[in-house]
K.L.:
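First, the structure itself, so that you have it in front of you.
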Amino acid sequence: MIFVPWTQSVTGSGAVTAFSAMQRPQTVSAEIDARLASWKVHEGDVVSAGHVLAELAEMRPEYIDPSMLARVKGQRDAAALKRDAARAQLATYDALVAALRRLGRAHLASADLKAVTAPKEIDESGRRLVAAEQQGVLAARLNLERIEALHAEGLRSTRDLELARRELAKAEGEVETKLLDTELKRANVLEKLGGLESDLLKAETELSKLARRGEQRFVRAPMDGKVVRLFGLGAGHVFKAGEAMAIVAPDTADQAVELFVSDDDAPLIAPGRPVRIQFAGWPALQMSGWPSVAVGTFAGRVAVVDASNDGRGRFRLLVRPDRAAEESGLDSSWPPSSRLRVGSQAVGWVLLDRVPIWFELWRRFNGFPLPCPRARRATRSPRSNEVRRPYRPAALGSGRRGHPFESFLEGVLSGHPDLKAAGAARDSADAVLLERSGAFDPTLNAKFNERLFNSSSAPGRPSEAKESEASLDFATRWGARASVAGKLARGDMKTPVSPTGRDGTLTYALGVPLLRGALSNPRQAAERKAELGVTVAQARYAERRLKILLGASEAWWKWAAAKRKLDIERELQTNAEFRMAAVSTRAARGDLPEMAAVEAEQELWLRRGRVARAERAMQQASLSLSNYLWTSGGEPAALPESDGARDDEAAEELLPEQASAAEVAALARRPEIRALEFTREAAKVDRSLARNSLLPQLDALWSEGEDRGAGGIGRVRRIGVELSVPLFFRSARGLSRQARFTIEGLDWAERALKLRVANEVRDAVSAVNADARRLAAARREAELARRLERAERAAFDLGDSTLFLVNQRERASAEALARVVDVLAEYRISRAALSAARADP
């Protein structure tokens with residue numbers, strides 16, 4: 001009988017539902033805050049999708065006004081007219097810019113002059129502007145050609161030739177200035193057009209909202225089905241937006257059962273497992289161990305197992321009918337949906353493995369859970385005592401080999417003291433596992449005694465005894481203890497020590513725990529927790545590694561940005577020194593007023609102060625970077641000569657699917673989540689040990705051997721049972737509760753951690769996209785600032801500008817370049833933060 005097969009099962013309870021979410025009873029809610037005007041249906045009515053269930057009446061004053069729609073339409077039409085006018089103005093400026101650009105490239109032939117004035121999009125004032133610039137350039141060029149001819153004949157001086165050339169350069173510079181001014185006006189119109197289009201979009205949105213609002217007054221059925229329930233007290237009842245108004249149940253044959261099982265049983269269940277279902281209202285007799293003799297139950301298959309619990313330690317299963325069993329005639333079909341309604345209670349038995357009935361009885365008597373495949377252990381190398389780690393964490397920092405930044409990260413990984421300290425903690429966990437595994441090492445024991453004592457049988461006469469004993473003890477992970485022992489005793493022995501034969505006694509002993517200590521015992525639990533501790537330590541090491549690499553990346557790119565900005569400020573200082581020398585010379589000759597030299601010197605000192613400030617920022621960035629500069633031997637390293645970065649690096653935004661993939665990768669690879677999972681497994685080990693401690697101590701002891709030699713008795717044996725029963729089990733119950741609450745706390749902590757990780761990825765993606773857009777804008781701004789600077793400098797050289805304006809243009813250009821450097825550094829840092837958030841390998 002004890003070898004009869006028994007089918008293990010997991011019991012769950014739940015209710016009947018529909019497998020497809022769209023086929024489940026739907027709650028129809030009010031989309032707006034409104035007052036019920038009338039119901040169009042009654043409970044029990046059959047409706048089709050889109051059928052009007054109720055009509056609502058508006059309550060908000062702005063929607064009650066009947067002229068609201070007409071006013072919004074008028075606002076939309078006005079915004080459209082303004083937009084069209086701005087578009088026309090923008091087209092005019094586009095044509096004017098194109099004409100000025102062609103003028104700048106033209107050689108002033110008569111055909112070219114006609115071509116630049118031809119576009120119809122330019123208004124009369126624009127044509128006059130282009131014509132005036134053409135005449136100025138043409139006059140300056142003709143004057144230069146005339147003076148060059150006279151100079152060649154010796155009729156004009158070199159000074160006159162230089163002045164003519166300057167006038168031509170000045171006229172051409174005015175064309176460039178006009179072009180920049182027109183582009184600026186075009187940009188203003190473009191900005192205005194954006195605002196007008198935004199206003200138009202707002203008006204169209206409001207118009208669509210009003211139209212949608214009118215449609216929302218009619219509550220419609222979401223599907224074909226039957227009206228199950230209507231809420232509300234009748235006409236005049238006020239519904240809030242989102243408040244349930246009715247429930248519509250579809251008539252569907254897509255039946256399923258929603259079962260809930262405990263977290264202890266959930267790991268045993270996988271999709272495809274067979275299930276026996278008992279429905280409320282259908283009498284049944286179920287034998288969980290022998291499903292073939294069940295009566296009144298129905299066959300099903302597990303279709304879905306939830307990946308997370310419901311917050312109360314339960315996991316949800318969705319069970320569908322077993323069509324193969326129904327078609328083969330082995331089981332009857334589920335009751336039709338007209339009788340087996342959604343929400344009917346159900347009990348299910350998920351069928352697991354088949355075992356002998358003696359094993360099932362032994363498991364239940366000891367209170368052991370159903371056997372579950374254990375996670376792969378950390379295995380020992382055959383040639384070493386070190387542990388092979390089953391989990392290799394991800395790393396940050398991948399790219400071109402030999403690149404200065406990559407070489408820097410390699411140095412951080414090989415020599416940073418904090419990372420070496422984290423590695424020591426990880427190796428310490430390996431040592432702890434080695435120490436815990438040592439509890440199961442075989443032990444060799446030996447002792448020798450020689451005694452001289454007063455004889456108990458003849459007081460006053462000395463007695464002598466010699467005793468030698470040796471044993472080899474083995475401890476197993478499932479709680480049994482085995483030993484091989486030899487004992488030799490000679491002489492007069494005192495009670496209770498027993499003498500042996502002349503050749504001693506050789507025995508074999510075995511102790512087996514039947515209840516407490518079987519399969520789960522303190523030494524086995526300590527080893528298992530040490531195994532999990534190794535994996536947790538590896539995850540903590542990976543977490544620390546990611547943080548160090550992220551900090552190193554941030555320090556590197558800030559240092560690179562500070563270096564670039566220092567170069568910009570030094571270039572400005574060099575320009576100021578050159579200009580001061582030139583202006584001082586011209587002021588001494590009388591070509592410029594003395595105040596121009598004072599202004600040039602003031603600008604020089606200003607730029608020297610900016611250089612000093614940039615040097616200080618460079619020193620701070622270098623000191624921050626030096627915290628991460630280490631050699632492989634753990635010694636501080638020198639600053640690198642170059643950062644190897646390119647200022648024209650492309651910045652790309654991330655697509656929505658890339659952002660979603662990054663979030664999934666982070667949840668799968670982040671070491672904090674892995675560490676929390678293994679910490680929870682360690683708590684489950686404590687819970688299993690605590691449950692085992694609730695059992696009485698019942699050990700079976702057996703030993704057998706042979707007492708040999710003269711005076712020996714031959715075969716010796718010992719059989720016994722040891723029983724120990726605590727009266728209250730308060731310690732075991734307390735440990736069990738501690739473990740349970742620890743697991744519950746870790747479940748909640750995991751939810752919070754996953755949300756935090758997902759938000760970190762979303763924030764990093766947002767930062768990358770925003771910095772990419774900012775970088776594009778900053779680069780365009782710097783390009784225009786450079787053009788304005790060159791144009792202003794050319795105008796100053798021709799005497800058509802002031803030193804103050806040149807200085808202002810140069811400062812604006814430098815500040816724009818500095819912004820490009822800062823935004824580029826922030827973009828690189830945000831990319832590094834995204835890599836760290838994803839735990840990229």
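Keep in mind the model is a prediction, meaning the values are calculated, not measured.
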K.L.:
Do Q538 and R426 have side chains that approach each other closer than 4.5 Å (heavy atoms only, starting at C-beta)?
P.N.:
yes
K.L.:
Please list, chain by chain and in numerical order, all residues satisfying side chain to side chain contact (heavy atoms under 4.5 Å, CB included) with Q620, sequence neighbours excluded.
P.N.:
R616
K.L.:
Residues in salt bridge (Lys or Arg N to Asp or Glu O under 4.0 Å) with D699, at least two apart?
P.N.:
none
K.L.:
Could you check if a side-chain atom of Y541 sits within less than 4.5 angstrom of a side-chain atom of P671, using non-hydrogen atoms only?
P.N.:
no
K.L.:
Show me the pairs that pass salt bridge (charged side-chain N to carboxylate O under 4.0 Å, His left out) and involve residues 739-748, at least two apart or across chains.
P.N.:
R680-D747
K.L.:
Just to verify, what does D306 make a side-chain hydrogen bond (donor to acceptor under 3.5 Å, both in side chains) with, not counting sequence neighbours?
P.N.:
R316
K.L.:
Sequence neighbours left out, what passes side chain to side chain contact (heavy atoms under 4.5 Å, CB included) with E663? Give chain and number order.
P.N.:
A758, V761, R762
K.L.:
Other residues, nucleotides and ligands only: do more than 12 of their heavy atoms fall within 6.0 Å of CZ on R737?
P.N.:
no
K.L.:
Quick one: list whatever passes side-chain hydrogen bond (donor to acceptor under 3.5 Å, both in side chains) with S262, sequence neighbours left out.
P.N.:
D265
K.L.:
Would you mind reporting whether F408 and L625 have side-chain heavy atoms less than 4.5 Å apart?
P.N.:
yes
K.L.:
When you measure from the centre of the six-membered ring of F440, is the NZ or CZ of R477 closer than 6.0 Å and no more than 45° off the axis?
P.N.:
yes
K.L.:
Measuring only between side-chain heavy atoms, which start at C-beta, is V305 closer than 4.5 Å to P271?
P.N.:
yes
K.L.:
With distance as the sole test, does K558 use its side chain to make a donor-acceptor pair with the main-chain N or O of S622 at under 3.5 Å?
P.N.:
no
K.L.:
Any chance you could measure L775, atom CG, to Y827, atom OH, to the nearest 0.5 Å?
P.N.:
8.0 Å
K.L.:
Search all heavy atoms of L515 against all heavy atoms of P696 and return the closest pair with its distance.
P.N.:
CB-O, 3.2 Å
K.L.:
Checking side chain to side chain contact (heavy atoms under 4.5 Å, CB included) for the pair V412/L419: CA distance, chi angles, key distance, verdict?
P.N.:
CA-CA 8 Å; V412 172; L419 197 58; 5.6 Å; no
K.L.:
About how many Å separate CZ of F474 and OG1 of T476, when rounded to the nearest 0.5 Å?
P.N.:
11.5 Å
K.L.:
After noting the C-alpha distance and the side-chain angles of T17 and L318, does the key distance pass the side chain to side chain contact (heavy atoms under 4.5 Å, CB included) rule?
P.N.:
CA-CA 9 Å; T17 184; L318 280 180; 4.1 Å; yes
K.L.:
Any idea which heavy atoms bring A256 and A18 closest together, and the distance?
P.N.:
CB-C, 4.2 Å
K.L.:
May I ask you to decide whether R523 forms a salt bridge with E527, counting only side-chain N to carboxylate O separations under 4.0 Å?
P.N.:
no
K.L.:
Any carboxylate oxygen within less than 4.0 angstrom of a Lys/Arg side-chain nitrogen, looking at D322 and R273?
P.N.:
no
K.L.:
What's the spacing between R481 CZ and L510 CG if we round to 0.5 Å?
P.N.:
9.0 Å
K.L.:
When rounded to the nearest 0.5 angstrom, what is the spacing between CG in L667 and CD1 in I673?
P.N.:
5.0 Å
K.L.:
Between K529 and D686, does any NZ, NE, NH1 or NH2 come within less than 4.0 Å of an OD or OE carboxylate oxygen?
P.N.:
yes
K.L.:
Would you please name every residue forming a salt bridge (Lys or Arg N to Asp or Glu O under 4.0 Å) with K563, sequence neighbours left out?
P.N.:
none
K.L.:
I need the minimum non-hydrogen distance between V257 and A346, along with the two atoms involved.
P.N.:
CG1-CB, 3.9 Å
K.L.:
Who are the ring-ring contact (aromatic ring centres under 6.0 Å, His included) partners of Y628, not counting sequence neighbours?
P.N.:
H416
K.L.:
Measuring from atom CD of E554 to atom CG of L549, what distance do you get when rounded to the nearest 0.5 angstrom?
P.N.:
13.0 Å
K.L.:
Apply side chain to side chain contact (heavy atoms under 4.5 Å, CB included) to L735 and list each qualifying residue two or more places apart in sequence or on a separate chain.
P.N.:
A690, Q738
K.L.:
Mind listing the closest non-hydrogen atom pair of A666 and V757 along with its distance?
P.N.:
CB-CG1, 3.8 Å
K.L.:
Any heavy-atom pair between the side chains of R528 and S688 that's under 4.5 Å?
P.N.:
no
K.L.:
Would you compute the distance between atom CD1 of I269 and atom CG of L352 and round it to the nearest 0.5 angstrom?
P.N.:
6.5 Å
K.L.:
With sequence neighbours left out, what residues match D418 under side-chain hydrogen bond (donor to acceptor under 3.5 Å, both in side chains)?
P.N.:
R544
K.L.:
How would you list, by chain and number, every residue that makes a side-chain hydrogen bond (donor to acceptor under 3.5 Å, both in side chains) with R828, sequence neighbours excluded?
P.N.:
E649
K.L.:
With distance as the sole test, does R669 use its side chain to make a donor-acceptor pair with the main-chain N or O of A839 at under 3.5 Å?
P.N.:
yes
K.L.:
For R774, is there an ion pair with E826 - N to carboxylate O distance below 4.0 angstrom?
P.N.:
yes
K.L.:
Indicate yes or no: at least one non-hydrogen side-chain atom of E760 is less than 4.5 angstrom from one of R670.
P.N.:
yes
K.L.:
Locate the shortest heavy-atom distance separating A659 from V765; write the atom from each residue and the value.
P.N.:
CB-CG1, 3.8 Å
K.L.:
For the backbone of L623 and the side chain of S626, can you confirm whether one donor and one acceptor N or O come within less than 3.5 Å of each other?
P.N.:
yes
K.L.:
With sequence neighbours left out, what residues match E653 under side chain to side chain contact (heavy atoms under 4.5 Å, CB included)?
P.N.:
N769, A772, R773
K.L.:
Counting only N and O atoms by type, is there a donor-acceptor contact under 3.5 Å from the side chain of D763 to the main-chain atoms of N759?
P.N.:
no
K.L.:
State, with a plain yes or no, whether a side-chain heavy atom of N521 is found less than 4.5 Å away from one of N692.
P.N.:
no
K.L.:
Less than 4.5 Å apart, side chain to side chain, heavy atoms only: is that true for L834 and L654?
P.N.:
yes
K.L.:
Closest approach of V536 and A675, non-hydrogen atoms and distance?
P.N.:
CG2-O, 3.9 Å
